[in-house]
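Just so you know, ligand 1 is whichever comes first in the structure, and atom 1 is the first atom listed for that ligand. Reckoned from all heavy atoms, side chains included, excluding hydrogens, waters and symmetry mates.
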Amino acid sequence: MLNNTHIRKAATYLADKSQCIVIIMHTNPDGDAVGSSLGLYGYLLDEGWRNVHVIAPEAYASFLHWMPRHESVIIADQHKDLSHSLIRDAALIFCLDFNGFSRSGDLEKTLLESGAAKIMVDHHPQPEDGFDLVFSETAASSTAELIYEFIAALGDEDRLSLQVAQCLYAGIITDTGSFSYGCNNPRTYQIVARLIEKGVDGAYIHRLIYSTYTLDRMRLLGYCLSEKLKVLEDAQAAYISLSQEELQHFNHQEGDTEGVVNYAMAIKNIHLAALFTEKDDHVKASFRSAGDVDVNKLARAHYAGGGHKNAAGGKSFQSLRDTEQAFIALINNKEKRTKEL
Ligand code: 5GP
Ligand code: MN
């Protein structure tokens with residue numbers, strides 16, 4: 001990836017500092033989507049680009065709102081006209097932390113039709129065609145790490161600000177579960193070391209992200225673990241499903257179920273975990289796995305989704321109950337399980 005030809009092409013695309021540049025992240029934005037987008041946004045503003053906009057297809061968790069320039073993010077489902085017209089009129093669009101246009105949700109059609117040059121920066125497997133420039137590196141811990149590499153390749157590492165470093169650091173820790181998976185390579189730690197040298201306070205950022213639960217959110221987690229966690233022993237799998245009624249009981253806010261699925265993975269001998277949450281018109285599925293169990297394959301085959309080998313997601317358009325039953329039947333079927341995971 002990031003070879004000299006790429007960088008020259010990117011520099012050409014970026015040459016005009018007054019052109020309209022849009023940065024788009026994926027639906028249901030996570031820490032890496034927001035961190036990489038605000039990191040790139042901050043860098044471009046610091047370096048003199050004057051007409052840059054960040055668009056999130058929908059709102060994201062409040063534990064990400066501390067990030068520098070969060071208040072500038074345009075939430076597309078709250079500002080439809082503005083988002084669509086910016087995408088239509090942009091000269092250059094960065095697509096961050098996703099590798100297929102459908103991951104931009106309701107923005108997909110406008111994004112496809114836009115005449116802008118499109119640059120993908122991402123670390124998910126199986127990138128799709130249709131982008132003008134692709135920085136795709138599945139070995140990277142996060143898209144935030146790739147934004148660091150991008151800035152460094154443009155020759156601007158020395159000037160990377162503390163605000164940008166904070167966003168990139170947040171992207172890296174959220175996509176690696178605070179350095180517990182997806183980062184077993186020296187490069188991630190070299191980049192993190194540089195971010196710390198820029199002044200990032202790791203303990204402080206960790207607290208902002210992981211220790212700012214509302215009481216409702218903490219009680220919801222307790223309820224999930226004590227009342228809702230089910231284990232399929234033969235399959236070494238565990239799952240939790242949550243109805244809208246249950247979520248409302250705990251005054252559910254965007255992001256409150258983030259991380260819940262990881263607790264199921266922390267049980268001894270569990271190699272696959274799922275969380276099903278009921279939404280207005282679908283059930284959101286979240287999968288995690290260990291080792292060779294490939295949940296990207298599972299999400300692509302059965303849940304119109306995708307992701308990484310050990311962390312993926314998708315949707316079901318059946319009821320919550322039927323989704324749960326279908327999952328149990330699939331996972332308990334040894335032959336299918338062996339073939340499809
Ligand atoms: P989460 O379970 O935290 O929502 O997502 C885990 C991983 O799966 C993330 O890398 C995310 O980008 C990916 N993912 C989640 N939902 C979808 C989806 O509907 N489609 C695709 N392609 N990836 C998804
Ligand atoms: Mn990511």
Side-chain angles (χ1 to χ4, degrees), residues 23-40 56-58 60-61 63-64 94-106 108 120-128 135-149 167-178 181-183 188 191 209 239-242 254-265 272-277 279 281-289 293-317 323 327:
I23 299 167
I24 304 182
M25 60 188 93
H26 59 74
T27 53
N28 190 29
D30 58 12
D32 188 31
V34 181
S36 58
S37 296
L38 284 175
L40 177 62
E58 55 200 355
Y60 49 83
F63 60 79
L64 301 173
F94 284 91
C95 298
L96 300 193
D97 203 35
F98 66 96
N99 64 11
F101 292 105
S102 67
R103 292 283 289 143
S104 63
D106 292 343
E108 179 179 5
M120 175 211 298
V121 185
D122 182 61
H123 66 132
H124 293 88
Q126 298 156 277
E128 288 175 14
F135 296 154
S136 168
E137 180 56 70
T138 49
S141 68
S142 54
T143 300
E145 183 178 321
L146 296 176
I147 294 296
Y148 175 93
E149 298 282 26
C167 295
L168 300 183
Y169 186 84
I172 294 172
I173 66 164
T174 50
D175 257 26
T176 61
S178 300
Y181 48 80
C183 58
T188 306
I191 291 170
I209 294 175
Y239 71 93
I240 294 167
S241 65
L242 290 168
E254 205 54 61
D256 279 359
T257 55
E258 211 68 37
V260 169
V261 66
N262 296 319
Y263 286 89
M265 277 308 291
L272 167 68
L275 172 71
F276 298 108
T277 39
K279 305 278 176 189
D281 58 353
H282 68 276
V283 173
K284 178 177 158 33
S286 227
F287 301 106
R288 298 293 183 271
S289 65
V293 179
D294 189 342
V295 286
N296 175 35
K297 226 165 128 186
L298 173 76
R300 282 175 184 266
H302 296 277
Y303 297 90
H308 304 277
K309 185 176 174 191
N310 294 136
K315 287 177 180 174
S316 156
F317 295 96
T323 301
F327 175 74

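Ring pair Phe276/Tyr303 is tilted by interplanar angle, where 30° to 60° counts as tilted.
Residue contacts to the Mn ion (ligand 2): Asp30 brings no N, O or S atom closer than 2.8 Å.
With hydrogens left out, the protein atom closest to atom 4 (O) of ligand 1 is Lys284 NZ, 2.8 Å, a heavy atom. The nearest protein atom to atom 19 (O) of ligand 1, hydrogens excluded, is given as Gly314 CA, 3.6 Å; this is a heavy-atom distance. Protein heavy atom in closest approach to atom 15 (C) of ligand 1: Gly313 CA, 3.5 Å. Looking only at protein heavy atoms, the nearest one to atom 7 (C) of ligand 1 is Ala311 O, 3.4 Å.
Within 6.0 Å of CG on Asp106 lie no more than 12 heavy atoms contributed by other residues, nucleotides or ligands. Applying the 6.0 Å contact sphere to OH of Tyr263 captures no more than 12 heavy atoms from other residues, nucleotides or ligands.
Annotation: side chain of His124 is in contact with side chain of His308 (closest heavy-atom distance under 4.5 Å).
Closest heavy-atom approach to atom 14 (N) of ligand 1 among the candidates Gly100, Gly306, Gly305: Gly306.
Put simply, the side chain of Ser36 never gets that close to the backbone of Ile147: no donor and acceptor are under 3.5 Å apart. Between the side chain of Ser37 and the main chain of Val34, no donor-acceptor pair closer than 3.5 Å is present. Formation of a donor-acceptor pair under 3.5 Å by the Glu58 side chain with backbone atoms of Asn28 is found in this model. Not a single donor-acceptor pair under 3.5 Å links the side chain of Asn99 to the backbone N or O of Asp122.
Among the atoms of His124, some N or O lies under 3.5 angstrom from an N or O of ligand 1. Considering backbone and side-chain N/O of Ala285, none are found under 3.5 Å from N/O of ligand 1. Checked by distance only, ligand 1 and Arg288 come closer than 3.5 Å through their nitrogen or oxygen atoms. Remark: ligand 1 and Arg103 share an N or O pair separated by less than 3.5 Å (distance only, no angle test).
Geometry about the Mn ion (ligand 2) gives an angle of 100° between NE2 of His123 and OD2 of Asp32, rounded in steps of 10 degrees.
Residue contact check: Gly307 has heavy atoms under 4.0 Å from atoms 8 (O), 13 (C), 23 (N) of ligand 1. Each of the following atoms of ligand 1 lies closer than 4.0 Å to a heavy atom of Ser286: 1 (P), 2 (O), 4 (O). For ligand 1, the atoms sitting less than 4.0 Å from at least one non-hydrogen atom of His308 are 10 (O), numbered in the order shown with element in parentheses.
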Test side-chain contact (heavy atoms from CB on, under 4.5 Å) on Val260 and Ile240 and set out the steps. CA-CA 9 Å; Val260 169; Ile240 294 167; 3.8 Å; yes
Leu242/Leu275 under side-chain contact (heavy atoms from CB on, under 4.5 Å): CA gap, chis, key distance, verdict: CA-CA 8 Å; Leu242 290 168; Leu275 172 71; 4.2 Å; yes
Given the rule in the side-chain contact (heavy atoms from CB on, under 4.5 Å) test, do Thr138 and Lys309 qualify, once you have shown the distances and angles that lead to the verdict? CA-CA 10 Å; Thr138 49; Lys309 185 176 174 191; over 6 Å; no
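The nearest N/O/S atom of Asp175 to the Mn ion (ligand 2) is OD2. The N, O or S atom of Asp97 with the smallest distance to the Mn ion (ligand 2) is OD1.
Note on ligand 1: Arg300 sits outside its first shell, no heavy atom being nearer than 4.0 Å.
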